[in-house]
Amino acid sequence: MPELPEVETVRRGLEPLVSGRRIARVVCRVAKLRLPLDPQLEAQLAGQLIHSLGRRAKYLLFSLEEGTLLLHLGMSGVLRLVDPETPLAKHDHVDIALNDGRLLRYNDPRRFGLILYLRGDPLSHPRLQHLGPEPLAPDLPADYLFIRSRKRRKSIKTFIMDQQLLVGVGNIYASEALFAAGIDPRRAAASLKRQEALRLLQSIRTILAEAILAGGTTLKDFRQSDGKPGYFKQQLQVYGRKGEGCPRCGEPIQQLVLGQRSTFYCGSCQG
DNA sequence: AATCGCGCCTGACGGC
DNA sequence: TGCCGTCAGGCGCGAT
């Protein structure tokens, strides 16, 4: 569900509210998300000061006095700061009570999310160490995508969604970036000319940045940390718009499946 | 090494 | 009304 802009939106919303707070206690109501929750989790976190809230790829990283709390929202995870009297809803799996009385509440119907407590350097954890660069890093070379795409035969759309290549691009923004760059999602990655690959990376960066400014995209589940939806859905040009007129040329938007994921594009603008 | 397909879960929706 | 199939923002695994 959440791609980079949604996770970053959550991070920005929560950061000022959790930094400097102490974790009073933790309550886990479900045994298993993507992985079984560590039975020690409640004890490991209790009493710890939260130094800061960071992000790597689509992971949130709570930097604690001792170690790091890693949290991934999966497809349907929602993390919100709520008042303690807020009634429990279905799929409210974990509460992290802070010393100011409020609760960080994790809700996740599909339970593809992940919550993990790590000691030591979180970036060297197996889940994080093979991740590609951050697309919004200022020092990412403009020709990074071009260089890496040589000899890669898979479709350019599945290629840019590969988190080992580049992090943060999921199914929505992959279609959007390819539309913005005017590139057919079915083309082999290696078939992109230099200028096309440069344009695509630039489109990815622009769209992710704009989506962050809009507070992310809400299709159904996603909520900002204050409970409001993300507003980038209104700016989606092709995703979810099969049959509607292309915003550029008016031809109907096409839909197909690539790598088992729905893909939207304009057959006439994206060559 | 790279690529593909599947499975993990629940819920919403459309067709019959 | 209900049942059934399909689909959904992610990721890791095993087979090829």
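Note that this is a predicted model, so its numbers are computed, not measured. Throughout, a chain's letter reflects where its sequence line sits, starting with A, and its residues are numbered from 1.
- Here the separation of dG5(B) from dC7(C), taken at their P atoms, is 15 Å to the nearest Å.
- Between Y59(A) and H72(A), the two ring planes are perpendicular [angle over 60°; tilted spans 30° to 60°].
- In this structure a side-chain-to-backbone donor-acceptor pair under 3.5 Å is missing from S175(A) to I172(A).
- Atom pair K151(A):NZ and dA2(B):P shows a separation of 11 Å (rounding to whole Å applied).
- The CZ atom of R261(A) sits 5 Å away from the P atom of dG9(C) (whole-angstrom rounding).
- Among residue pairs with one or both ends in residues 242-271 of chain A, those qualifying as ring-ring contact (aromatic ring centres under 6.0 Å, His included) are Y239(A)-F264(A); sequence neighbours excluded.
- Protein atom CD of Q164(A) is 12 Å distant from nucleotide atom C1' of dT3(B), rounded to whole Å.
- Straight-line distance between the C1' atoms of dT3(B) and dG9(C): roughly 23 Å, to the nearest whole Å.
- Look at the P atom in both dT6(C) and dC6(B): the space between them is 13 Å, to the nearest Å.
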>> Before you tell me yes or no, could you show the steps for D92(A) and R29(A) under side-chain contact (heavy atoms from CB on, under 4.5 Å), namely the whole-Å CA-CA distance, both residues' side-chain angles and the distance that decides it to 0.1 Å?
In response: CA-CA 8 Å; D92(A) 279 343; R29(A) 300 185 192 82; 4.2 Å; yes

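- Within the 4.0 angstrom heavy-atom criterion, no nucleotide atom of any strand lies near F232(A).
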> Could you run down nucleotides 4-10 of chain B 5' to 3' and tag each one B, S or - for protein heavy-atom contact under 4.0 Å?
Replying inline: SBB-BBB

> So what does the secondary structure string of DNA chain B come out as, 5' to 3', with Watson-Crick or wobble pairs under 3.5 angstrom, [ ] for crossing and | for pairs with another strand?
Replying inline: .|||||||.|||||||

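- The stretch residues 202-217 of chain A touches DNA chain C through T217(A), each having a heavy atom within less than 4.0 Å of the strand.
- Distance alone, capped at 3.5 Å, is enough to place a donor-acceptor pair between the R55(A) side chain and the A57(A) backbone.
- Residue pairs meeting the salt bridge (charged side-chain N to carboxylate O under 4.0 Å, His left out) criterion with at least one partner in residues 234-244 of chain A, sequence neighbours excluded, are R241(A)-E244(A).
- Here R127(A) lies in heavy-atom contact (under 4.0 Å) with sugar-phosphate atoms only.
- Evaluated for a side-chain contact (heavy atoms from CB on, under 4.5 Å) with R187(A), the options E196(A), K157(A), Q270(A) yield exactly one hit, E196(A).
- The CG atom of N171(A) sits 13 Å away from the P atom of dC7(C) (whole-angstrom rounding).
- F222(A) places its CZ atom 20 Å from the P atom of dA8(C), with the value rounded to the nearest Å.
- Distances shown here put a side-chain N or O of R152(A) below 4.0 Å from the OP1 or OP2 atom of dT3(B).
- Between the P atom of dT3(B) and the NZ atom of K157(A) lies a distance of 16 Å, rounded to the nearest Å.
- Other residues, nucleotides and ligands contribute more than 12 heavy atoms inside 6.0 Å of the NZ atom of K154(A).
- Residues D108(A) and S76(A) bring a donor and an acceptor atom of their side chains to less than 3.5 Å of each other.
- Here K58(A) lies in heavy-atom contact (under 4.0 Å) with sugar-phosphate atoms only.
- Counting only residues at least two apart or in different chains, salt bridge (charged side-chain N to carboxylate O under 4.0 Å, His left out) contacts with residues 62-76 of chain A comprise R22(A)-E65(A).
- Under the side chain to side chain contact (heavy atoms under 4.5 Å, CB included) criterion, L140(A) pairs with P133(A), Y144(A), L166(A), L201(A), R205(A), sequence neighbours left out.
- If you measure from atom CZ of R150(A) to atom P of dA2(B), you get 14 Å, rounded to the nearest angstrom.
- A heavy-atom distance below 4.0 Å to DNA chain B is reached by none of the residues of residues 178-193 of chain A.
- Listed by chain and number, the residues in a side-chain hydrogen bond (donor to acceptor under 3.5 Å, both in side chains) with R11(A) are E8(A) (sequence neighbours excluded).
- What separates CE of M161(A) from P of dG9(C) is a distance of 8 Å, to the nearest Å.
- For R148(A), there are no salt bridge (Lys or Arg N to Asp or Glu O under 4.0 Å) partners at least two apart in sequence or on another chain.
- Annotation for L49(A): hydrophobic cluster partners, listed by chain and number, are none (ILVMFWY side-chain heavy atoms under 4.5 Å, direct or chained).
- Not a single ring pair (Phe, Tyr, Trp, His ring centres under 6.0 Å) links Y117(A) to another residue, sequence neighbours left out.
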